[in-house]
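Model, not experiment: these values are computed from the prediction.
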Amino acid sequence: MKKIIFSMMLIAIMTAVTTACSSDDPTNEFNSQQTTTDGQQSGGGNTGGSGSTAASGELLTFAVAIDKTTAEPTEAASAYYPEAEDNIAQQTFDTKVNIDMSNPVATTENGVEITVSDGHVTANHGSVEGVCYVVSGQTANGSLTIEGKTNYEVNLNGADITNPASTALDLETKTAAYLVLTGSNKLTDGTTEDHKGALYSKGKLLVSGTGSLDIYGNYNNGIHGKTYVLFEKGVNVYVNTTFNHGIKASEAVVINGGIINIETAGDGAKGINSEKDIVINGGRTTVICTGNGEWDTEDLETKAATCIKCDSIMTIKGGEIYVKATGSGGKGLKADWEAYISGGKIRAITEGGLYYSDGTQENHNYTGNTDNLDDAYTSSPKGVKIGTKNVHGVLEISGGDIMVRTTGNNAEGIESKGTLTISGGTVVVSAHDDAINSSGDLTISDGTVVVVGTNNDGIDSNGNMYLKGGTLIAMGAGGAEAGIDIDEQHKIYITGGNIFGIGGRFDGTLGSTSQGIISTTGSVQANQTVSVSTGTTTIVSFTMPPYSYNNGTIVISAPDLTSGSSYTLNIGTSSTSVTASNTISGGMGGGQPGGQPGGGPGGHW
């Protein structure tokens, strides 16, 4: 797949379209959104406000649900347009052509030819510039196809189109289609003819307005864009598909704002699927995928349902993103090449188990040993996955409020198949398997990272680990599973940051450290405060996640800890004297998160 990066042109978010065509009232701004008195988003099915702490309990309780009614977030990054003309505020479409789908009439109007065949309407504007189709009315057996050679606007103004056979709205031009939503609208496709989606656009599809659009895809995709699909602030779009993807684009999906809700039920189906890039700058996007994994007979490998997936680069700068995958092998966010997260609020849940198939038999909750299985035969659940078995991914988190929870067998929280860098933001993860895992070097230089691996490691690096700043709280399972894990071929370098790890024994290699390290054993309770002090001065303090851990190996490091000096370790109401060193030592960790019994040979810390 050829890698593309769109030219970044930061233009102010477009003004709203509140009447039939874009030129009627170009200065009318979007309505202000309602917030609670503390500035956070009010109401809605997606629970939990931004900025919540690890001990708030949100990690265990946050939910993801379709929410069409709560106002979209007011905060957003600058709108992004792959091409300058994509901003509808810069366009004029003042040649109106009215189409009533409940009673369509064949006519030629303003150079636009409209033909009707048994309720199926075709409009061709040829080379006429500035055409605005105003579409209204309901039909249970019809469709609208638009042809032409110039850019145009389609204003859905109370339209309800059902085509029992094929596509409901078919935009067959290779030029830009500006889809403006006014009032409530609905598109439903059929199942008797081969087609790509309930809404199909051969050219770029640019969605704006202040209305709503519900799309029901019964055969293939809900929305299929042959180039790219872009959503603006103010729109309210709901997509429900029973077989394939919710929104499919060949080049990119760009979300500058709006309320986007997607539900998919097909095995291996994606909520949002771009063959190249995905850019999210604002709005509220909620995706729920209930499909299981499946065997791909063409690529001869397993595929899993994924809420938001791109084949190249994913960029998240703002907005709120809620994703939940309930089927076997399901994933929340997935980019095959790279991902850059610098802002926004992300909540991701996976509930399914490990999917296995060899093309002849399958298991939706495989619990056997996977060490000797071909990678193509399994698909593990992941909250966030960057890279593939053939591509060393790059994941960089420099901001944002991220929370991930996975519960099924083999389900990891956040994984990069290459390097993983955290330089800001808040990352809180609870996972059945590793909470955070990188195949390459892992670096934390700022931000807050709280991770719990309930059956494996809290944070696991298969390259060198560089802890340079920020706060890291990592809790692993007992025995060989660790709070912080580095493989035997690599080292951990500590040059900054407040670090707390609890899990099995330390068995890795410390490359170097510029700050003192405390190694001891003990137990911590859910939401408890752990601190290190000298006299009446607190050197460093941590708030535990909502999990308890009994009889684990504890490692603490902070910039103000000095090797050879004695300190008081306070865990809840208990205190003990400890001495910092420039090495790490530790014995067997006997517990697991939640106070479950542990055991087994040691691992890392």
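Evaluation of the side-chain hydrogen bond (donor to acceptor under 3.5 Å, both in side chains) rule for K417 yields E415 as partners, not counting sequence neighbours. Scanning for side-chain hydrogen bond (donor to acceptor under 3.5 Å, both in side chains) contacts around S575 gives N570, with sequence neighbours left out. With sequence neighbours excluded, the residues satisfying side chain to side chain contact (heavy atoms under 4.5 Å, CB included) with S445 are S423, K468. Scanning for side-chain hydrogen bond (donor to acceptor under 3.5 Å, both in side chains) contacts around N582 gives an empty result, with sequence neighbours left out. Among residues two or more places apart in sequence or in another chain, the salt bridge (Lys or Arg N to Asp or Glu O under 4.0 Å) test is passed with K334 by D336.
Between N498 and P559 the shortest heavy-atom distance is OD1-CD, 3.3 Å. Considering all non-hydrogen atoms of both residues, W295 and Y355 come closest at N-OH, 3.5 Å. Between L510 and I492 the shortest heavy-atom distance is CD1-O, 3.4 Å. Residue A65 comes nearest to T286 through the heavy atom pair O-CG2, 3.5 Å, listed as atom of the first residue, atom of the second, then distance. The two residues G282 and A76 have their closest heavy-atom pair at CA-CB, 3.8 Å. Nearest heavy-atom pair across T406 and G413 is CG2-CA, 4.1 Å.
V404 has its side chain within reach of I414: a pair of non-hydrogen atoms, C-beta onward, lies under 4.5 Å apart. The shortest distance between side-chain heavy atoms of T513 and T495 does not fall below 4.5 Å. T290 places none of its side-chain heavy atoms less than 4.5 Å from the side chain of T264. Residues K324 and C289 fail the side-chain proximity criterion, which asks for heavy atoms closer than 4.5 Å. With a 4.5 Å cut-off on side-chain heavy atoms, V449 and I436 count as touching. At a threshold of 4.5 Å between non-hydrogen side-chain atoms, the residues V287 and I321 do not count as touching. Between N527 and M544, every side-chain heavy-atom pair lies at or beyond the 4.5 Å cut-off. Side-chain contact between T367 and L354 is absent, with no heavy atoms from C-beta onward closer than 4.5 Å.
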Item to check | Step-by-step side chain to side chain contact (heavy atoms under 4.5 Å, CB included) determination, V524 to I502 | outcome: CA-CA 9 Å; V524 297; I502 184 168; 4.1 Å; yes
Next on the checklist: Using salt bridge (Lys or Arg N to Asp or Glu O under 4.0 Å), reason through D267 and K303 one step at a time and then give a plain yes or no.
Outcome noted: CA-CA 9 Å; D267 291 346; K303 296 290 179 67; over 6 Å; no
Checklist entry - Passes side chain to side chain contact (heavy atoms under 4.5 Å, CB included), V532 versus I556? Steps please. => result CA-CA 9 Å; V532 177; I556 298 174; 4.1 Å; yes
Next on the checklist: I'd like to know whether T421 forms a side chain to side chain contact (heavy atoms under 4.5 Å, CB included) with L395, so could you lay out the CA-CA distance, the side-chain angles of the two residues, the decisive distance to 0.1 Å, and finally the verdict.
Outcome noted: CA-CA 6 Å; T421 302; L395 172 57; over 6 Å; no
Item to check | Derivation of the side chain to side chain contact (heavy atoms under 4.5 Å, CB included) call for V239 and N261 | outcome: CA-CA 6 Å; V239 182; N261 286 288; over 6 Å; no
Next on the checklist: With side-chain hydrogen bond (donor to acceptor under 3.5 Å, both in side chains) as the criterion, how do S548 and Q525 come out once you've worked through the C-alpha distance, each side chain's angles and the decisive distance to 0.1 Å?
Outcome noted: CA-CA 4 Å; S548 298; Q525 302 305 309; 3.2 Å; yes
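Between the E481 side chain and the N455 main chain, no donor and acceptor come within less than 3.5 Å of each other. In this structure, T302 contributes its side chain and T378 its backbone to a donor-acceptor pair below 3.5 Å. Between the side chain of S461 and the main chain of G463, a donor-acceptor pair closer than 3.5 Å is present. Between the side chain of D67 and the main chain of T70, a donor-acceptor pair closer than 3.5 Å is present. The main-chain N or O of G440 is found under 3.5 Å from a side-chain atom of S438 such that the two form a donor-acceptor pair. In this structure a side-chain-to-backbone donor-acceptor pair under 3.5 Å is present from S523 to N551. No side-chain donor-acceptor contact under 3.5 Å links Y322 to the backbone of R284. In terms of modelled atom types and a separation under 3.5 Å, the side chain of T538 and the main chain of V540 share no donor-acceptor contact. S557 contributes a side-chain N or O that, together with a main-chain N or O of G516, makes up a donor-acceptor pair within less than 3.5 Å. Checked by atom type and distance alone, the side chain of T350 never pairs as donor or acceptor with a backbone atom of G352 at under 3.5 Å.
Side-chain contact annotation: H245 with N273, donor-acceptor N/O pair under 3.5 Å present. A side-chain N or O of D277 and one of S312 form a donor-acceptor pair less than 3.5 Å apart.
Residue D460 forms a side-chain contact (heavy atoms from CB on, under 4.5 Å) with just one option from L442, V451, I486, N437, and that option is N437. Partner E412 forms a salt bridge (Lys or Arg N to Asp or Glu O under 4.0 Å) with one of K382, K331, R405 and no other, that one being K382. The side-chain hydrogen bond (donor to acceptor under 3.5 Å, both in side chains) test with S328 singles out one residue from E294, H364, E362, and that residue is H364.
Between the CD1 atom in I518 and the CD1 atom in I499 there is a gap of 11.5 Å [rounded to 0.5 Å]. Rounding to the nearest 0.5 Å gives a distance of 11.0 Å between CD of Q489 and CG of N464. The CD1 atom of I66 sits 4.0 Å away from atom CD1 of I288, with the distance rounded to the nearest 0.5 Å. Annotation: the span from I313 atom CD1 to K276 atom NZ amounts to 11.5 Å, rounded to 0.5 Å. Distance CG/D487 to CG/N462: 5.0 Å, rounded to 0.5 Å. In this structure, CD1 on I571 lies 8.5 Å from OG1 on T576, to the nearest 0.5 angstrom.
Classified by interplanar angle (parallel below 30°, tilted 30° to 60°, perpendicular above 60°), the ring pair Y493/Y466 is parallel. In this pair, Y356 and Y366 present their aromatic rings parallel. The plane angle is below 30°, not in the 30 to 60° band.
Counting only residues at least two apart or on different chains, no salt bridge (Lys or Arg N to Asp or Glu O under 4.0 Å) pair has a member in residues 515-526.
Around atom CG of D371, more than 12 heavy atoms belonging to other residues, nucleotides or ligands sit under 6.0 Å away.
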